[in-house]
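In what follows, chains are A, B, ... by sequence order, proteins preceding strands, each numbered from 1.
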Number of protein chains: 2
Amino acid sequence: MTTGDRPSSAPTMGDVAHRAGVSQMTVSNVVNGRTARVGAATRARVLAAIEELGYRVNVSASRLRSGRTGVVALAVPDFSLAYYAEFAERLAVRFAEAGLRLVLEHTAGRRESELATVERGHLDQYDGLALVLAAGDAEEVARRHPGRPVVIVGEREVSSSLDHVVMDNVGGARAATEYLLSTGARRIAVLGAQPGGPVSMASLRTRGYLEAIAAAGVAPDARLLVGGGVGFDDGARSAAALIAEGAIPEALLALTDETALGALHTLAAAGIDVPGRVQVVGWDGTRAGRFATPALTTVDPDNDAIADAVVRLLARRIHADGPVPREIVMPAARLVRRGTTL
Amino acid sequence: MTTGDRPSSAPTMGDVAHRAGVSQMTVSNVVNGRTARVGAATRARVLAAIEELGYRVNVSASRLRSGRTGVVALAVPDFSLAYYAEFAERLAVRFAEAGLRLVLEHTAGRRESELATVERGHLDQYDGLALVLAAGDAEEVARRHPGRPVVIVGEREVSSSLDHVVMDNVGGARAATEYLLSTGARRIAVLGAQPGGPVSMASLRTRGYLEAIAAAGVAPDARLLVGGGVGFDDGARSAAALIAEGAIPEALLALTDETALGALHTLAAAGIDVPGRVQVVGWDGTRAGRFATPALTTVDPDNDAIADAVVRLLARRIHADGPVPREIVMPAARLVRRGTTL
DNA sequence: ATGAAAGCGCTAACAC
DNA sequence: GTGTTAGCGCTTTCAT
């Protein structure tokens, strides 16, 4: 009523133009900060009209016409896993500094959902996408020829045409295992293990472990490769199973911090001394691990370097004029020794 | 080249229509599952054309025209706080069951960012929004008259026109404090406290605590109200400060699980027995608390009920024809007793 | 420095 | 059951 002739629906750029007595194009120029093309007085008038009408640009319309959005997406398998959550926060802060907004999408760790995020019609909503690949295959993603910059955050280097930030899964597992061996441990269990099978976080970390014990001349023992998930409950369950078997290992390499924390819980309940009787190593460098009791020794994937790389790789493509050479980055994982190891 | 006359850019609905020898509207009907309006044979031909061209609907265009999007957003202050992360995951699963996709937005806990999420042009991207209000005011949000369903997830009931899912902050703090008093504790510290000041999570929980001790005839002691943030570090620091003062309280009411876990870390390092010497209560019911050692007693806000309410309130408005009466829901918080209390 | 025209890709509304 | 028309709100392009 009070805003003119479009009583109930939102004011458009046309409404603002009308009120300011200028063309719609001038409003667009003001809104988009193309100050060179608008006189100061005109600009002031337009700004006043925007204020009076409470006008906001319609993102969908702007996006449809220009293709640009100012928004990037991060697609993760699960919002609640501490590792992804902390990674997302790191990215959000960095992208904000780069003038881009970050939104999170959810893939439920399903291959088809992961692929859906790079379909054109979907990806068109964003200037770029960082895709954490848990189930799917990077080559399959690349085959969809996404029309926008995509960075794969993944488990292994892969021969696709996409930029790739690779986790140092094999190297990290090897480093952790080597350290445990150096303390004298020989019977080292892996919680969340997946020997063989399709390439995945679990299979690669398991491989690094197997390589390290082989190099040290320690024979693998299938009973020490405890499968299952990598959540808190899985860790607790796996530790309980190991205890029930009677032959408690000298060390546990848990494939995530949450698995390690779950195992720690079970060990404490059973009165088993950590690290005296059993050493425990986690993976991810999460805050929860740092504040556990004892503080959790963990494989730090170098999350800052990973986040930096994702932002850099995406930003350079978003702002590029021509083609950009493909790049692969693999920050080195390193063991952070704290209280759960000797 | 192989797909016809639009070599490099993405195929449109028009391309599909052309190839299938039907009108664009028929393609739209097929894509949107309006099967009643399309013959089986036609449908098959359209589907084939879609497959051959690798066509995907452009979400932005569809959104602009129809207004509908099939996507809802949850705006949180911080992706990495376990409470929000776990809450987001709960919502994502529930919305998926309701046929809606959930994306996460980031407000950095800043009032202006919170308000920006409900601006028309921004909100138009979504069918609805759940907004976790940390800094801003619900009445201010309501004054923007968001053009789409918005549910406020907030600290207190408020006289706005928006649906509201309210945390039982005062009640939860009272219940936790009453329990601690019942165990004989008299000197109970609050970590993350904020006595007085603007209404916030911290001030309301502090109020509940003060009400409970007043009712028990225990005099408040300013030295027991330890301010600061509610992260791991804050909890660790606050506990250290309390220890340094020499007069260690009989119990700590930490305003989040992360604060409690931080405090637990410090207490363990100082060799102080929990719960024998000091009891500790957290707040949020996170998984990390459940698997701490000892397992953390916590105020459970009833996150399932909160998530159910958010989905229900948003869905009923999204699918409503006419106006919908405003609703306020406040699930009761309850104390979950575990190992850090007597 | 400003404006007019065209159209991004899609769907609502109606005609047949 | 299928087609035609119009237009969502914006920005591109080109004219002045």
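Atom pair Arg120(B):CZ and dG9(D):C1' shows a separation of 14 Å (rounding to whole Å applied). One atom, CE of Met13(B), and another, P of dC8(C), lie 15 Å apart when rounded to the nearest Å. Between the CD atom of Gln125(A) and the C1' atom of dC10(C) there is a distance of 14 Å, given to the nearest Å. Rounded to whole Å, atom C1' of dC10(C) lies 11 Å from atom CZ of Arg34(B). Residue Asn29(B) contributes atom CG, which lies 13 Å from atom C1' of dT4(D) at whole-angstrom precision. Put simply, NE2 on His122(B) is 18 Å from P on dG9(D), counting in whole angstrom units. Residue Met25(B) contributes atom CE, which lies 18 Å from atom P of dC16(C) at whole-angstrom precision. For the pair Arg63(B) CZ and dC10(D) P, the interatomic distance rounds to 15 Å; values are reported in whole Å.
For Thr26(A) and dG3(C), the shortest distance from a side-chain N or O to OP1 or OP2 is below 4.0 Å. Distances shorter than 4.0 Å separate some side-chain N or O of Ser62(B) from OP1 or OP2 on dT11(C). When the side-chain nitrogen and oxygen atoms of Arg68(B) are compared with OP1 and OP2 of dA12(C), one or more of them lie within a distance under 4.0 Å. The phosphate of dT11(D) (OP1 or OP2) has a side-chain N or O of Asn32(A) nearer than 4.0 angstrom.
Proximity of Arg101(B) to His106(A): side-chain heavy atoms (C-beta onward) are nowhere separated by under 4.5 Å. Val22(B) has its side chain within reach of Val46(B): a pair of non-hydrogen atoms, C-beta onward, lies under 4.5 Å apart. A 4.5 Å side-chain heavy-atom check between Val141(B) and Leu115(B) finds at least one atom pair inside the cut-off.
The Asn58(B) side chain lies nearest to dG9(C) when the options are dT2(C), dA12(C), dG9(C). Proximity note for Arg37(A) (side chain, C-beta onward) versus dA12(C), dC10(C), dT13(D): the nearest is dT13(D). For Thr12(B), counting side-chain heavy atoms from C-beta on, the closest listed nucleotide (dT11(D), dC10(D), dC10(C)) is dC10(C). Taking every side-chain heavy atom of Ser23(A) into account, dG3(C) is the closest of dC10(C), dT11(D), dG3(C). Distances were taken from every side-chain heavy atom of Ser66(A) (C-beta onward) to each of dT11(D), dC10(C), dG3(D); the shortest belongs to dT11(D). Across dT2(D), dC10(C), dT4(D), the shortest atom-to-atom separation from the side chain of Thr42(B) is found for dT2(D).
Taking the nucleotide of DNA chain D with the nearest heavy atom to each of Leu64(B) and Gln24(B), the more 5' of the two is matched to Gln24(B). Each of Gly39(B) and Val31(A) lies near DNA chain D, and the nucleotide nearest Gly39(B) is the one positioned closer to the 5' end.
When Arg43(B), Gln24(B), Arg34(B) are each tested for a side chain to side chain donor-acceptor pair (under 3.5 Å) with Asn29(B), only one passes: Arg34(B).
Contact of Arg65(A) with dG7(C) (side chain to base): a donor-acceptor pair of N or O atoms is detected under 3.5 Å.
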- Check against side-chain contact (heavy atoms from CB on, under 4.5 Å), Ser28(A) and Met13(A): CA-CA 7 Å; Ser28(A) 174; Met13(A) 221 172 230; 3.8 Å; yes
- Evaluate the criterion salt bridge (Lys or Arg N to Asp or Glu O under 4.0 Å) for residue pair Arg56(A) and Asp124(B); output intermediate values, then yes/no. CA-CA 11 Å; Arg56(A) 302 293 149 178; Asp124(B) 283 345; over 6 Å; no
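Among the protein residues, Arg43(B) comes within range of no part of the nucleic acid, since none of its heavy atoms lies under 4.0 Å from any strand.
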